[in-house]
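This chain uses plain numbering: 1 for the first residue, then up along the sequence.
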Amino acid sequence: MPTAHQAIQPINVTGAAFLIQLILLGMLTATVFIMWLGEKKLPVSRAGTSNVLGLGFLILYFTLFTFAVLLISEEVISIFGKLFGLQIGGIKARNALSMVFALDIVLFAILIPQT
């Protein structure tokens, strides 16, 4: 029977980070959709001034970038690199997770004043 410390491996933490990013993407997508529905009910002169579509693309770009950062971490690239025949080095899981955390903070710092 494995001990508790063996279950906490960098690949498991990276996988959990992928799941968290997917959950954040779902929550932010729902928020943008709700904002878009509310925008349609505003008068025409006011509806033209908002930037809901821009926020949606901003969320998409940040999400794709964070997924890319997680995908090039050493733990993930060691598994999928062999599968696809890639011979590239990756970044440490700790650094990848720190970058993703920082990018999430930047994204929310941009989104909070907009909403």
Side-chain angles (χ1 to χ4, degrees):
M1 176 176 232
T3 60
H5 73 280
Q6 290 177 339
I8 302 175
Q9 300 293 326
I11 188 69
N12 297 340
V13 175
T14 307
F18 272 116
L19 181 62
I20 291 169
Q21 289 304 112
L22 283 175
I23 291 169
L24 285 175
L25 175 64
M27 290 180 354
L28 293 174
T29 302
T31 303
V32 168
F33 183 70
I34 291 168
M35 287 176 62
W36 178 73
L37 288 177
E39 178 184 77
K40 290 173 71 176
K41 295 179 183 179
L42 293 174
V44 176
S45 62
R46 177 110 189 259
T49 61
S50 72
N51 192 13
V52 174
L53 186 61
L55 293 177
F57 280 116
L58 179 72
I59 292 167
L60 177 67
Y61 295 144
F62 265 85
T63 303
L64 290 176
F65 191 70
T66 57
F67 282 164
V69 168
L70 290 172
L71 283 173
I72 61 170
S73 67
E74 284 180 343
E75 290 73 17
V76 176
I77 204 77
S78 68
I79 295 170
F80 291 106
K82 294 174 187 173
L83 181 65
F84 295 111
L86 300 173
Q87 299 296 328
I88 60 173
I91 58 176
K92 298 252 183 239
R94 174 185 292 168
N95 296 338
L97 293 172
S98 297
M99 287 176 61
V100 167
F101 183 70
L103 286 169
D104 284 343
I105 289 174
V106 169
L107 176 62
F108 280 98
I110 293 169
L111 290 178
I112 288 172
Q114 298 294 320
T115 57

Legend entry - Residue list, side-chain contact (heavy atoms from CB on, under 4.5 Å) with Ile23, at least two apart or on another chain: Leu19, Met27

Inset, instruction - Under the side-chain contact (heavy atoms from CB on, under 4.5 Å) rule, collect the residues that match up with Ile110, sequence neighbours excluded. - result: Leu58, Phe62, Val106

Legend entry - Under the ring pair (Phe, Tyr, Trp, His ring centres under 6.0 Å) test, residues paired with Phe67 that sit two or more places apart: Phe18

Inset, instruction - Quick one: list whatever passes ring pair (Phe, Tyr, Trp, His ring centres under 6.0 Å) with Phe57, sequence neighbours left out. - result: none

Donor-acceptor pairs under 3.5 angstrom involving side-chain atoms of residues 88-102: please list them, not counting sequence neighbours.
unit_1 : atom_1 : unit_2 : atom_2 : d
Ser98  : OG     : Arg94  : O      : 2.9

Using the rule that Ile, Leu, Val, Met, Phe, Trp and Tyr join whenever any side-chain heavy atoms are under 4.5 Å apart, tell me whether [X] and [Y] fall into a single cluster.
X: Val32; Y: Leu22; value: yes
X: Leu37; Y: Met35; value: yes
X: Leu24; Y: Phe33; value: yes

Inset, instruction - Rounded to the nearest 0.5 Å, what's the gap from OG1 on Thr63 to CG on Asp104? Could you check? - result: 8.0 Å

Inset, instruction - Can you sort out the partners of Thr66 under side chain to side chain donor-acceptor pair (under 3.5 Å), two or more places apart, ordered by chain and number? - result: Gln21

Legend entry - From Leu55, Leu60, Ile59, residue fulfilling side-chain contact (heavy atoms from CB on, under 4.5 Å) relative to Leu28: Ile59

